[in-house]
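Because only heavy atoms are used, hydrogens play no part in the values below, and waters and symmetry mates are left out as well, while side chains stay in. None of the values given here were measured: they were computed from a predicted structure.
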Amino acid sequence: MKTLIWQGIAFQSLEYFKLKENDKDLQVTSKIIGCYEDKIYAVDYQLTIDSEWNIQEFMIESEINTVKNRLTGKKYQHEWKINNMINADFDGFNFIDISLTPFTNTLPINNLKLAENDTQEIKVIYIDVLNNLVKPVTQQYTRIATHTYHYDNLQTDFKSDIVVDENGLVVNYPKLFDKIAEM
């Protein structure tokens with residue numbers, strides 16, 4: 001089991017994160033609290049990830065300015081059931097990207113196993129928790145050093161170099177997240 005805390009810089013948050021590995025999959029439970037612009041928020045999420053770091057199931061419960069929301073997703077072969085409805089927009093997607101956590105960057109980083117200077121384009125289910133938005137997004141990862149990956153959102157001009165530890169967990173995501181504790 002790995003437990004750590006990330007500090008959200010832009011989103012003024014703290015995340016208490018736990019990753020538990022068993023013989024068939026990985027289980028994540030996490031709690032985030034913070035404030036951003038005029039929004040005070042609390043988020044609990046749970047993920048089930050297969051041994052290849054593909055997301056299999058997620059549940060995100062949030063409360064933003066006292067308004068509660070719940071988002072669920074479960075993968076059935078190549079289809080995604082989002083809040084109990086099959087959503088064809090996400091057919092074949094193996095990853096999610098939750099806006100308020102750096103952890104979901106670990107999924108493609110560990111799954112793709114890129115060699116240095118290799119690049120891979122992927123499709124992800126992007127979940128903007130603060131705006132209650134779920135949409136398909138194309139991203140690109142390039143391994144630029146042993147523990148550094150260049151991230152590029154291909155729909156926007158957002159780019160960043162993400163530093164990870166030996167387990168692929170984010171140590172520094174410039175201007176967004178820093179790991180501040182681990183045990």
Exercise for the section: Please answer: with hydrophobic residues joined when any side-chain heavy atoms are less than 4.5 Å apart, are Ile109 and Phe158 in the same cluster? Expected result: yes
Exercise for the section: For Leu154, look at atom CG and say whether over 12 heavy atoms of other residues, nucleotides or ligands are found less than 6.0 Å away. Expected result: yes
Problem - Trp53-Leu47 co-clustered via ILVMFWY side chain contacts under 4.5 Å - result: yes
Handout entry: Euclidean distance, Asn167 CG relative to His147 NE2, rounded to 0.5 Å
Key = 9.5 Å
Practice task
Return yes if a side-chain donor-acceptor contact under 3.5 Å exists between Asp44 and Gln46, otherwise no.
Solution key: no
Exercise for the section: For Thr142 and Ile144, indicate whether the former's side chain and the latter's backbone hold a donor-acceptor pair under 3.5 Å. Expected result: no
Practice task
Could you tell me whether a side-chain N or O of Asn131 sits under 3.5 Å from a main-chain N or O of Leu133, the two making a donor and an acceptor?
Solution key: no
Problem - From CG (Leu4) to CE (Met183), nearest 0.5 Å - result: 10.5 Å
Fill in the blank from the handout: When every non-hydrogen atom of Gly73 is compared with those of Ile82, the smallest separation belongs to CA-CD1, 4.2 Å
Problem - same_hphob_cluster(Val134, Ile64) at 4.5 Å side-chain heavy-atom cutoff - result: yes
Exercise for the section: For Ile32 and Ser13, work out which heavy atoms get closest and say how close. Expected result: CG2-CB, 3.9 Å
Handout entry: Pairwise distance CD1(Ile162) to CG(Leu169) - rounded to 0.5 angstrom
Key = 12.5 Å
Handout entry: Lys31 and Glu15, any side-chain heavy atoms less than 4.5 Å apart
Key = no
Exercise for the section: Evaluate salt bridge (charged side-chain N to carboxylate O under 4.0 Å, His left out) for Arg143 paired with Glu116, printing each intermediate quantity in order. Expected result: CA-CA 5 Å; Arg143 189 172 194 173; Glu116 228 169 279; 5.6 Å; no
Show every donor-acceptor pair shorter than 3.5 Å between a side-chain atom in residues 89-97 and any protein atom, with sequence neighbours excluded, or say none if there are none.
residue : atom : partner : partner atom : Å
Asn94   : OD1  : Lys75   : NZ           : 2.5
Asp97   : OD1  : Thr104  : OG1          : 3.4
Asp97   : OD2  : Gln139  : NE2          : 2.7

Problem - Check: Ser99 side chain, Val129 main-chain N or O, donor-acceptor pair, under 3.5 Å - result: yes
Exercise for the section: Taking the side chain as every heavy atom from C-beta outward, state whether Leu26 and Lys20 have any pair of such atoms under 4.5 Å apart. Expected result: no
Exercise for the section: Tell me, with the steps shown, if Leu100 and Tyr45 meet side chain to side chain contact (heavy atoms under 4.5 Å, CB included). Expected result: CA-CA 11 Å; Leu100 296 173; Tyr45 69 87; over 6 Å; no
Exercise for the section: For the pair Phe58 and Trp80, evaluate ring-ring contact (aromatic ring centres under 6.0 Å, His included) and give the outcome as yes or no after the intermediate values. Expected result: CA-CA 11 Å; Phe58 64 84; Trp80 275 96; 5.7 Å; yes
Exercise for the section: Walk me through it: do Ile60 and Ile127 pass the test side chain to side chain contact (heavy atoms under 4.5 Å, CB included)? Expected result: CA-CA 10 Å; Ile60 304 167; Ile127 302 165; 3.7 Å; yes
Handout entry: Side chains of Ile9 and Leu176 in contact at under 4.5 Å (non-hydrogen atoms)
Key = no
Handout entry: side chain to side chain contact (heavy atoms under 4.5 Å, CB included) between Thr138 and Gln140, intermediate numbers included
Key = CA-CA 7 Å; Thr138 305; Gln140 184 173 285; over 6 Å; no
Handout entry: Sequence neighbours excluded - salt bridge (Lys or Arg N to Asp or Glu O under 4.0 Å) pairs with any residue from residues 170-183
Key = Lys2-Glu182, Asp165-Lys179, Lys179-Glu182
Handout entry: ring-ring contact (aromatic ring centres under 6.0 Å, His included) between Tyr41 and Tyr36, intermediate numbers included
Key = CA-CA 8 Å; Tyr41 61 88; Tyr36 179 70; 7.9 Å; no
Completion exercise
Only one of Met59, Glu57, Lys24 passes side-chain contact (heavy atoms from CB on, under 4.5 Å) with Thr48, and that residue is Glu57
Exercise for the section: Would you please name every residue forming a salt bridge (Lys or Arg N to Asp or Glu O under 4.0 Å) with Lys123, sequence neighbours left out? Expected result: none
Practice task
Check the angle between the aromatic planes of Phe103 and Trp6 and answer parallel, tilted or perpendicular using the 30° and 60° thresholds.
Solution key: tilted
Exercise for the section: Output, in order, the C-alpha distance, side-chain angles, deciding distance and verdict of side-chain hydrogen bond (donor to acceptor under 3.5 Å, both in side chains) for Ser30 and Tyr16. Expected result: CA-CA 6 Å; Ser30 195; Tyr16 181 76; over 6 Å; no
Handout entry: Full working for side-chain hydrogen bond (donor to acceptor under 3.5 Å, both in side chains) between Asp161 and Thr148
Key = CA-CA 6 Å; Asp161 291 340; Thr148 308; over 6 Å; no
Handout entry: Within one Ile-Leu-Val-Met-Phe-Trp-Tyr cluster: Leu112 and Ile49, side-chain cutoff 4.5 Å
Key = yes
Completion exercise
Given the options Asp50, Ile55, Asn54, Asn111 meets side-chain contact (heavy atoms from CB on, under 4.5 Å) only with Asn54
Practice task
Go through the side-chain N and O atoms of Tyr141 and Asn105 and say whether any donor and acceptor fall under 3.5 Å apart.
Solution key: yes
Problem - Donor-acceptor side-chain pairing of Tyr76 and Gln56 below 3.5 angstrom - result: no
Exercise for the section: Treat each ILVMFWY residue as a node, draw an edge where side-chain heavy atoms are under 4.5 Å apart, and state whether Phe17 and Val171 are in one component. Expected result: no
Handout entry: Intermediate values then yes/no, side chain to side chain contact (heavy atoms under 4.5 Å, CB included), Lys18 and Thr3
Key = CA-CA 4 Å; Lys18 290 183 184 180; Thr3 302; 3.8 Å; yes
Practice task
Any chance you could measure Ile33, atom CD1, to Gln12, atom CD, to the nearest 0.5 Å?
Solution key: 12.0 Å
Problem - side-chain hydrogen bond (donor to acceptor under 3.5 Å, both in side chains) between Asp25 and Gln27, intermediate numbers included - result: CA-CA 7 Å; Asp25 60 24; Gln27 297 290 320; 3.3 Å; yes
Practice task
Heavy atoms only: give me the nearest Leu130-Lys39 pair and the separation to one decimal.
Solution key: O-NZ, 3.3 Å
